[in-house]
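For reference, positions follow the sequence shown, starting with 1.
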Amino acid sequence: MPIPAPAMRWPALPADSWTATRETLHRWTQIVGKTRLALSPLLNHWWQVPLYVTPRGLSTRSIPYPDGAFEVLFDFHAHQLVLYTSDGQARTLKLEPQSVAEFYGRYQALLREAGIQVKLWPVPVEVDDRTPFAEDHQHKAYDADAVRRFWQALLLADQVLREFRSRFAGKASPVHFFWGSFDLAVTRFSGRPAPEHPGGIPNLADWVTRESYSAELSSAGWWPGGDGAEAAFYSYAYPAPAGFAEADVQPAAARFDAERGEFLLPYAQVLLAADPRGMVLDFLQSTYEAAANLAHWDRTALERAATQK
C-alpha cells in the first residue's frame, strides 16, 4: 500500500541561497564518505560508499574496523558530527563555520581518539576545485538554517524514492546519497549487461564510472543544484534507448536536458504543486516506463503485480 503523504512541507532551497555552505558541506561529506570507502568491502556499482538519510541527517551506517564497527552521523538537528563505536563510545564534532582543512584535521583526531586507523585519499572528487582537504582554507561556510532545509528536502525526497523503489521486484539499489555527485539516487536494473561506458566524466576516474554503469539501468534521484543550475529531480537511462529523449513523460513541467542526457523536473515546480509527492511519483514512473519500454525490458517479470501509483 502507498506511504501516506507527509505533512511536512517541502522547503524552498534556491541554489544561490546557500552556495558557500553547499560547497563546504559537499567536501565534508566526501571526507566522511571516503572513510566508508576505505574500510568497507567492495559492492557492485559502489554501493558500499554512499551515505543514507536518517531522521537526524546523513549516516554512514555501520563500518567495520578491527575492534568492531562504528557509524558516523551528520546530525542536522543538533548540528554536530557524531561518531558511535560498537564498544560504546560516542564522540562529537560541532558543525559550525570552519574550513575544510579544520574539519579534516578535527575529524581525523576524532577517529584517532576512538582507536580507528584509516588512510583516506585526501583529494575531493567530482568537483572542479581539487584542492586537497588539508590545504582547503577557502570553503568554510556553514549556514545552519540552509542545512536544515537541505536535510528536510532530502528526507521528503528519500520517502518518495523509497515508495517508487518498492514497486520494483528486480534488482534495485537502495535509496542512497552519493557524496561525490552530492545527490540522492535510486537505480533499477533490467538484468542485462550494459556496453562498456566510454568514461570521460570530469573529475571521476573512468574505471569508477565503468563499474557504476556495468549493467543496463534506469536511475532517478534528487540533486540540490549548483554551478548555476537549480535543484531538480532527475531521471536517465544507460544505455539510453533510441527515442528516449523524445519520450512523452509526466508532468508537463518535466523536460529533457540534452547536455546532461537526462529528464529534469525542477524542484521549484514541485514546490508549487498541490500534490508534490504525486507529481514526483508521476515523473519517476513515466520516465522509467519510457526507458523500460523503449529498451524492451521484461516488465512483467521485473515489476510487482500490485503496483500502486
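Checking Leu81, Thr24, Asp136, Leu25 one by one against Phe103, the side chain to side chain contact (heavy atoms under 4.5 Å, CB included) holds for a single residue, Leu81. For the pairing with Trp222, the ring pair (Phe, Tyr, Trp, His ring centres under 6.0 Å) check across Phe283, Phe182, Phe164, Tyr267 returns one residue only, Tyr267.
Looking at Ser218 and Trp297, their side chains come closer than 4.5 Å, going by heavy atoms from C-beta outward. Residues Leu281 and Gln250 are not in side-chain contact: their nearest non-hydrogen atoms beyond the backbone lie 4.5 Å or more apart. When side chains are defined from C-beta on, Arg188 does not count as touching Leu302, because their heavy atoms never get closer than 4.5 Å. The closest side-chain heavy-atom distance from Leu161 to Leu184 is below 4.5 Å. In this structure, Asn44 and Lys171 have side chains that are in contact, with non-hydrogen atoms separated by less than 4.5 Å. Side chains of Ile63 and Ser40 form a contact here, defined as non-hydrogen atoms less than 4.5 Å apart. Here the side chains of Val118 and Tyr65 are not in contact, with every heavy-atom distance at 4.5 Å or above. Using a 4.5 Å heavy-atom threshold, the side chains of Phe70 and Gln89 count as separate.
Side-chain atoms of Asp158 and Tyr52 form no donor-acceptor pair, as typed in the model, at a separation below 3.5 Å. In this structure, a donor-acceptor pair under 3.5 Å is absent between the side chains of Arg277 and Gln159. If you check the side chains of Tyr107 and Thr35, you find a donor sitting under 3.5 Å from an acceptor.
Remark: Leu264 CG to Glu230 CD distance equals 12.0 Å, nearest 0.5 Å. In this structure, OH in Tyr236 is found 3.5 Å from OG in Ser219, a value given to the nearest 0.5 Å. One distance of note links CG of Leu284 with CG of Leu265; it measures 8.5 Å at 0.5 Å rounding. The structure places OH of Tyr213 at 5.5 Å from CD1 of Ile201, a figure rounded to the nearest 0.5 Å.
Salt-bridge formation is not detected for the pair Arg167/Glu303: no Lys NZ or Arg NE/NH1/NH2 atom is positioned less than 4.0 Å from an Asp or Glu carboxylate oxygen.
Both Leu83 and Phe133 belong to a common hydrophobic cluster when Ile, Leu, Val, Met, Phe, Trp and Tyr are linked at side-chain heavy-atom distances under 4.5 angstrom. Note on Leu110 and Ile116: same hydrophobic cluster, where clusters join Ile, Leu, Val, Met, Phe, Trp and Tyr whose side-chain heavy atoms are under 4.5 Å apart, directly or indirectly. In terms of hydrophobic clustering, with Ile, Leu, Val, Met, Phe, Trp and Tyr side chains grouped at heavy-atom distances under 4.5 Å, Leu37 and Leu111 are assigned to a common cluster.
Sorted by first and then second residue, the salt bridge (charged side-chain N to carboxylate O under 4.0 Å, His left out) pairs with a member in residues 49-71 read Arg56-Asp75; sequence neighbours excluded. For residues 239-259, the set of pairs meeting the salt bridge (charged side-chain N to carboxylate O under 4.0 Å, His left out) definition, not counting sequence neighbours, comprises Arg255-Asp257.
Ring geometry, His79 versus Phe76: the interplanar angle falls from 30° to 60°, so the pair is classed tilted. Using bins of under 30°, 30° to 60° and over 60° for the plane-to-plane angle, the ring pair Trp18/Phe150 lands in the tilted bin.
Aromatic rings from Phe178 and Trp223 are positioned such that their centres are separated by 6.0 Å or more. Aromatic rings of Trp46 and Trp207 (six-membered ring for Trp) have centroids within the 6.0 Å cut-off, being under it. For Phe244 and Phe263, the distance between ring centers is under 6.0 angstrom. Aromatic ring centroids of Phe74 and Trp28 lie 6.0 Å or more apart. Taking the six-membered ring wherever Trp is involved, the centroid distance between the rings of His77 and Trp151 falls below 6.0 Å.
Arg210 and Pro198 get closest at one heavy-atom pair: NH2-O, 3.5 Å. Residues Gln98 and Lys94 approach most closely at NE2-O, 3.0 Å, considering heavy atoms.
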Stepwise salt bridge (charged side-chain N to carboxylate O under 4.0 Å, His left out) check, Arg299 with Glu289
CA-CA 9 Å; Arg299 292 184 58 192; Glu289 289 179 357; 3.5 Å; yes
